[in-house]
Asker: 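One structure coming up, written as structure tokens, with questions to follow.
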Amino acid sequence: MATKLIPKELAKKPDRLSPGHRLCAGCAAPIVVRQILAAIDDPVVVANATGCLEVATTVYPYTAWRVPWVHSAFENAASTIAGIESAYRSMVRRGKIPDRNVKFLAFGGDGGTYDIGFQALSGALERGHQFVYICYNNEAYMNTGIQRSGATPLGAHTTTSPAGSVIPGKQQMRKDLTAIIAAHDIPYVAQAAPTQWKDLMEKVRKAVNCGGPAFINVLSSCNRGWRHETYETLEITQLAVDTCYWPLYEVENGVWRLTYKPKEKLPVEEWLRRQGRFRHLFRPENRHLIDELQAEVDRRWERLLFLCGETFSA
Amino acid sequence: MTQLKGWRDIPIGGVILEGGNAVEYRTGGWRAFRPVFGQAPCIHCFQCWLFCPDSSILVDAENEKMAGFDLDHCKGCGICASVCPVNAKVIRQAGEKLNRDDPRLCIRMVEEGKME
């Protein structure tokens with residue numbers, strides 16, 4: 001019987017990520033990791049791509065992980081976990097170890113998932129390894145000092161797309177990785193946010209039990225890169241969800257389903273205004289970028305509604 | 001950390017033998033604001049526990065009670081106060097924007113080192 005998804009029940013289990021890790025105050029990544037590990041009752045093995053999470057949780061001679069954990073390189077978290085999974089199943093098959101129903105997780109940031117680790121991820125998904133890949137998406141290479149990535153939205157200021165007199169922040173839209181992964185036709189793909197914690201935990205449970213590869217893309221605010229106060233982390237994440245910039249949905253065996261529909265779809269401006277990385281967009285000469293971003297959010301939202309069977313035309 | 005280890009004291013291969021030994025490292029020193037209880041009583045909803053990035057909400061899990069703050073590790077981000085539903089209710093009833101250290105709140109963020 002799985003633990004009920006009630007905080008008081010979940011708190012009775014030991015925490016699988018210890019305090020004393022050195023992620024910044026107000027970082028959403030450890031919130032995401034704690035919620036995900038709390039949702040799983042079975043033993044877990046974690047592979048980690050290079051990134052904030054990997055670096056800050058394992059500063060020698062300390063580790064914050066209370067589960068078996070491995071890091072090998074930036075680009076190959078998916079291949080690493082695929083190898084571990086294959087070795088485990090082989091040893092179980094040959095009777096060398098008992099089958100303890102171990103779950104295999106890989107954590108990668110958006111840099112290690114959208115860009116650098118994409119090839120390894122795509123390959124591992126295609127080979128059908130039974131693992132869950134979790135992308136904690138903070139929308140830039142935050143660990144190395146906020147450089148643009150494939151997940152950075154249009155107009156965001158980063159150190160490699162600096163807003164100034166020459167360019168107004170990043171000039172391209174972010175790519176829709178969740179949809180790209182869904183195109184691999186794997187059993188389970190989802191997009192989630194830590195603010196909707198129960199939704200996230202239910203998705204994790206579906207993912208670990210789907211019998212094949214699964215992928216969850218979780219929005220994870222970075223107050224250093226997004227430029228907001230440390231205590232605003234969850235408020236701003238909620239705004240990303242309520243503006244439909246970051247819709248919550250799942251694709252189970254090819255069937256798209258919306259798991260959270262905001263009561264009122266807010267203008268994307270509400271989310272942009274709270275973050276320093278978009279401050280320059282509110283100057284008169286850059287207002288058109290907000291309109292462009294809004295148009296893109298609307299287009300993707302309409303398409304999603306159509307795919308989820310909420311509307312009949314895209 | 002008390003003292004740096006010499007090469008003879010480090011396990012072969014430099015491996016870390018104990019999982020979760022980061023608890024020995026105290027990140028509480030990073031803190032600029034400290035969470036303290038205010039006047040509004042805690043309803044033990046565990047929202048702060050659920051969202052704390054540093055596992056620094058102490059809970060008495062058996063009796064289902066929130067027990068306090070782990071100030072050895074709390075970095076003072078204030079997320080606990082921002083997700084607290086009692087705080088939200090107090091702010092709603094006050095009908096105005098309250099300071100983060102307002103004594104009427106349930107979880108208040110008080111400037112570290114400031115005498116009250």
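Note on naming: letters A, B, ... go to the chains in the order of the sequence lines (proteins, then strands), and numbering restarts at 1 for each one. Below, all heavy atoms of this structure are taken into account, side chains as well, without hydrogens, waters or symmetry copies.
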Asker: Take atom NZ in B/K5; do more than 12 heavy atoms of anything else shown fall under 6.0 Å from it?
Answerer: no

Asker: Could you tell me whether the side chain of B/I79 reaches within less than 4.5 Å of the side chain of A/I31, counting heavy atoms only?
Answerer: yes

Asker: For chain B, which of A/G26, A/P68, A/A11 has the most heavy-atom pairs under 4.5 Å?
Answerer: A/A11

Asker: Side chain, backbone, both or neither: which part of A/I6 has an atom under 4.5 Å from a heavy atom of chain B?
Answerer: neither

Asker: Heavy-atom distance under 4.5 Å to chain B: side chain of A/R16, backbone, both or neither?
Answerer: neither

Asker: Does CZ in A/R279 sit with more than 12 non-hydrogen atoms of other residues, nucleotides or ligands closer than 6.0 Å?
Answerer: no

Asker: Using non-hydrogen atoms only, which part of A/E232 is less than 4.5 Å away from chain B: side chain, backbone, both, or neither?
Answerer: neither

Asker: Heavy-atom distances under 4.5 Å only: say whether B/C45 touches chain A with side chain, backbone, both or neither.
Answerer: backbone

Asker: For B/I10, is it the side chain, the backbone, both or neither that has a heavy atom under 4.5 Å from a heavy atom of chain A?
Answerer: side chain

Asker: Is there side-chain contact between A/P19 and B/V23, with at least one heavy-atom pair below 4.5 Å?
Answerer: yes

Asker: Heavy-atom distance under 4.5 Å to chain B: side chain of A/T195, backbone, both or neither?
Answerer: backbone

Asker: If only atom types and distance count, is the side chain of B/D54 paired as donor or acceptor with the main-chain N or O of A/R22 below 3.5 Å?
Answerer: no

Asker: Tell me, out of B/A81, B/S55, B/A61, B/G19, who's got the most heavy-atom pairs with chain A below 4.5 Å.
Answerer: B/S55

Asker: Where on B/E18 is there a heavy atom nearer than 4.5 Å to chain A: the side chain, the backbone, both, or neither?
Answerer: backbone

Asker: Donor-acceptor pair, A/K12 side chain versus B/E64 backbone, under 3.5 Å?
Answerer: no

Asker: Of B/C77, B/P53, B/S82, which is the lone residue that meets side chain to side chain contact (heavy atoms under 4.5 Å, CB included) with A/T230?
Answerer: B/C77

Asker: Side chain, backbone, both or neither: which part of A/W65 has a heavy atom under 4.5 Å from chain B?
Answerer: backbone

Asker: Under 4.5 Å from any heavy atom of chain B, what part of A/T233 do you find: side chain, backbone, both or neither?
Answerer: side chain

Asker: Tell me whether A/K8 contacts the main-chain N or O of B/N63 through its side chain, where contact means a donor paired with an acceptor under 3.5 Å.
Answerer: no

Asker: With side chain to side chain contact (heavy atoms under 4.5 Å, CB included) as the criterion, how do B/H73 and A/H21 come out once you've worked through the C-alpha distance, each side chain's angles and the decisive distance to 0.1 Å?
Answerer: CA-CA 9 Å; B/H73 298 105; A/H21 59 71; over 6 Å; no

Asker: Mind checking whether B/M109 and A/Y231 have side chains closer than 4.5 Å, heavy atoms only?
Answerer: no

Asker: Are any non-hydrogen side-chain atoms of A/R34 and B/F51 less than 4.5 angstrom apart?
Answerer: no

Asker: Contact part of B/W49 toward chain A, heavy-atom cut-off under 4.5 Å: side chain, backbone, both or neither?
Answerer: both

Asker: How long is the straight-line distance from CD1 of B/I57 back to CG of A/D15, given to the nearest 0.5 Å?
Answerer: 11.5 Å

Asker: Give, as side chain, backbone, both or neither, the part of B/R31 having an atom under 4.5 angstrom from any heavy atom of chain A.
Answerer: neither

Asker: Which residue out of B/P11, B/S56, B/G14 racks up the most heavy-atom pairs below 4.5 Å with chain A?
Answerer: B/G14

Asker: Just checking A/K198: does its NZ atom have more than 12 heavy atoms from other residues, nucleotides or ligands closer to it than 6.0 angstrom?
Answerer: no

